[in-house]
Amino acid sequence: MTFEYSQEFAKKQDQLDPLNSFRDKFHIPKMNGEEVVYLTGNSLGLQPKNAETYINQELEDWKNLGVEGHFHAKRPWMPYHEFFSESLAKLVGAQPEEVVAMGSLTNNLHLLMVSFYRPAGKRNKIICEAKAFPSDQYALASQARFHGFEASDVIVEIAPRAGEHIIRKEAILAKIEEVGDELALLMIGGVNYYTGQVHDMKTITAAAKKVGAFVGWDLAHAMGNVEVNLHDWDIDFAAWCTYKYLNSGPGSLAGLFVHEKHANSKNLNRFAGWWNHNKETRFNMRQPFDVIPGAEGWQLSNPPILSMAAIKASLDMFKEVGMDAIRRKSEKLTGYFEFLINEFENDKIKVITPTNPKERGCQLSIQIKDADKKLHQKLTHVNIITDWREPDVIRCAPVPLYNTFQDVYHMVEKLKMILNA
Ligand SMILES: Cc1ncc(COP(=O)(O)O)c(C=O)c1O
């Protein structure tokens with residue numbers, strides 16, 4: 001499609017946008033009396049207006065029913081997570097039994113590594129990205145130490161080539177081949193949090209499985225942002241948070257996927273609590289542990305209903321729109337954003353996110369030479385909300401459900417104004 005650098009063009013695209021009615025379903029924060037240009041859905045998604053209704057329903061039921069709400073609330077709390085397992089599964093290309101809303105992302109990764117990082121003999125290595133999200137790096141290193149290794153003995157990091165930002169697929173495939181039968185686990189972020197690069201999860205998974213490793217993906221920045229097919233890609237496990245593109249609120253309940261083929265593996269190592277024990281006999285309280293098949297078999301505790309209500313509100317919206325439509329708009333909107341930045345000739349600016357739409361989600365990471373956090377603060381002063389990552393990157397995520405073509409136009413105009421000042 002041919003883009004134009006003008007506000008009229010951006011406005012026209014907003015009018016033509018088939019998803020333009022969805023913006024109104026969100027609360028857009030205001031500063032200085034005006035709506036901000038909110039480009040940080042990659043960090044915390046905006047609040048869907050219906051979240052309040054869903055949460056209020058649970059507050060009402062709690063107020064009026066107390067403990068009886070577990071079985072008699074409008075949406076009974078006991079099976080609450082089952083009300084959206086289908087829409088959750090659809091979002092990640094899974095079967096409903098393969099997904100569950102639970103825990104928090106880092107906790108879930110640990111629980112999954114209890115099952116899928118099983119070093120034995122020389123097969124003890126973990127492949128991950130260099131400069132993965134710090135929480136993942138700490139989690140992997142602590143898992144290594146938990147098994148009696150120094151992290152540096154078993155963790156194999158793959159970095160971009162010198163002077164590059166993106167990790168090339170060939171480098172990952174070559175490293176898998178090189179580590180070969182020493183590889184116990186490959187665990188990478190499906191979408192890199194810093195650069196916005198989307199990895200070829202299908203090909204990388206197949207290569208790691210070929211050498212006999214387990215494969216897991218951190219989908220924090222992929223969930224609700226790019227299309228994934230966890231089941232068909234034969235991925236062993238994945239975990240995500242819901243407060244970014246799923247717009248379910250700060251620190252909200254996370255989720256995980258475990259492939260169907262592990263559904264009945266009763267002898268997989270795992271941690272246990274009453275919530276992964278057989279639902280039929282859970283409240284008899286004195287039964288020997290009897291694990292639930294499927295992803296629910298990784299739960300430990302009864303989950304926070306208020307948080308799940310916000311997830312349900314969001315997933316109902318995703319169900320209505322569908323990932324196809326979200327991706328169609330996303331490619332166009334981020335494509336327009338990239339076009340505007342490229343039009344703005346300034347050799348201080350470089351987009352480090354891949355240019356191929358198949359290799360990125362909605363986020364663009366913009367490197368600005370010699371800039372520091374003051375630039376980010378100046379943008380905030382003029383109502384443009386982005387996020388800053390040291391040493392010199394501004395991350396901006398135009399989210400298809402609530403951002404507009406005019407949003408990205410205003411962002412680039414303001415950036416231009418600040419850099420030219
Ligand atoms: C890629 C990635 N992994 C892990 C985390 C940690 O998430 P949590 O604090 O929910 O465990 C984040 C948080 O933003 C993230 O972006």
Side-chain angles (χ1 to χ4, degrees), residues 39-46 88 92 99-114 116-117 126-143 155 157-160 165-167 172 185-199 201 204 215-226 228 230 235 237-257 271 298-301 303-304 307-308 310-311 314 352-353 360-365 385-390 393-397 399:
L39 295 170
T40 42
N42 57 323
S43 180
L44 180 70
L46 289 181
L88 190 56
V92 290
V99 295
V100 65
M102 62 168 275
S104 63
L105 173 52
T106 308
N107 288 359
N108 290 351
L109 289 173
H110 274 299
L111 292 176
L112 290 161
M113 281 193 273
V114 166
F116 296 106
Y117 179 51
I126 303 173
I127 287 185
C128 66
E129 319 154 87
K131 293 200 192 153
F133 191 84
S135 196
D136 293 20
Q137 287 191 308
Y138 305 148
L140 288 168
S142 64
Q143 284 284 334
I155 293 183
E157 292 188 347
I158 309 177
H165 295 277
I166 299 308
I167 301 179
I172 301 177
L185 172 68
L186 175 136
M187 199 183 92
I188 300 183
V191 178
N192 181 276
Y193 82 101
Y194 188 76
T195 63
Q197 175 187 15
V198 176
H199 289 289
M201 291 179 238
I204 294 167
V215 177
W217 292 92
D218 173 343
L219 299 182
H221 290 261
M223 192 63 173
N225 179 24
V226 296
V228 286
L230 301 181
I235 286 164
F237 71 90
W240 52 83
C241 49
T242 62
Y243 46 74
K244 298 179 186 294
Y245 300 107
L246 289 194
N247 312 309
S248 72
S252 195
L253 197 69
L256 62 79
F257 162 92
F271 286 163
W298 271 263
Q299 300 170 107
L300 298 181
S301 300
S307 173
M308 278 208 291
I311 298 178
S314 162
I352 62 169
T353 308
R360 68 183 182 203
C362 66
Q363 175 183 325
L364 285 189
S365 301
I385 310 300
T386 59
D387 85 12
W388 175 260
R389 280 288 169 265
E390 296 294 346
V393 165
I394 292 182
R395 299 185 305 170
C396 302
V399 171

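Residue numbers count from 1 along this sequence. First listed ligand is number 1; within each ligand, the first listed atom is number 1.
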What residue and atom, counting heavy atoms only, is the protein's closest point to [atom], and at what distance?
atom: atom 12 (C) of ligand 1; answer: Phe133 CE2, 3.3 Å
atom: atom 1 (C) of ligand 1; answer: Asp218 OD2, 3.4 Å
atom: atom 7 (O) of ligand 1; answer: Tyr243 OH, 3.1 Å
atom: atom 11 (O) of ligand 1; answer: Thr106 OG1, 2.5 Å
atom: atom 14 (O) of ligand 1; answer: Lys244 NZ, 2.9 Å

Is the shortest N/O to N/O distance between Asn107 and ligand 1 below 3.5 Å?
->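 Min N/O separation from ligand 1 is not below 3.5 Å for Asn107.
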Any N or O of Asp136 closer than 3.5 Å to N or O of ligand 1 |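 Looking only at distances, the answer is yes, because the N/O contact criterion of under 3.5 Å is met.
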Partners meeting side-chain hydrogen bond (donor to acceptor under 3.5 Å, both in side chains) with His199 (sequence neighbours left out) =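 For His199 there are no side-chain hydrogen bond (donor to acceptor under 3.5 Å, both in side chains) partners, ignoring immediate neighbours.
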Begin with the C-alpha distance, continue with both residues' side-chain angles, and end with the deciding distance and a verdict on side chain to side chain contact (heavy atoms under 4.5 Å, CB included) for Phe237 and Leu111.
-> CA-CA 11 Å; Phe237 71 90; Leu111 292 176; over 6 Å; no
Look at the aromatic rings of Tyr245 and His221 and report parallel, tilted or perpendicular, splitting at 30° and 60°.
->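 Taking His221 first and then Tyr245, their aromatic rings stand perpendicular (interplane angle over 60°).
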Look at the side chain of Gln197 and the backbone N and O of Ile352, then say whether any donor-acceptor pair between them is shorter than 3.5 Å.
->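 No, Gln197 side chain to Ile352 backbone: no donor-acceptor pair under 3.5 Å.
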Short side-chain to backbone donor-acceptor contact, Arg389 and Tyr193, under 3.5 Å =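 Checked: no pair found.
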Atom indices of ligand 1, in the order listed, that fall short of 4.0 Å to a heavy atom of His221 =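 So the atoms of ligand 1 that pass are 1 (C), 16 (O).
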Is it the side chain (CB and beyond), the backbone, both or neither of Ala220 that lies under 4.0 Å from ligand 1, heavy atoms counted?
->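 The answer is the side chain of Ala220.
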Take Ser252 and Ile311 through the test side chain to side chain contact (heavy atoms under 4.5 Å, CB included) and record every step on the way to the result.
-> CA-CA 8 Å; Ser252 195; Ile311 298 178; 3.9 Å; yes
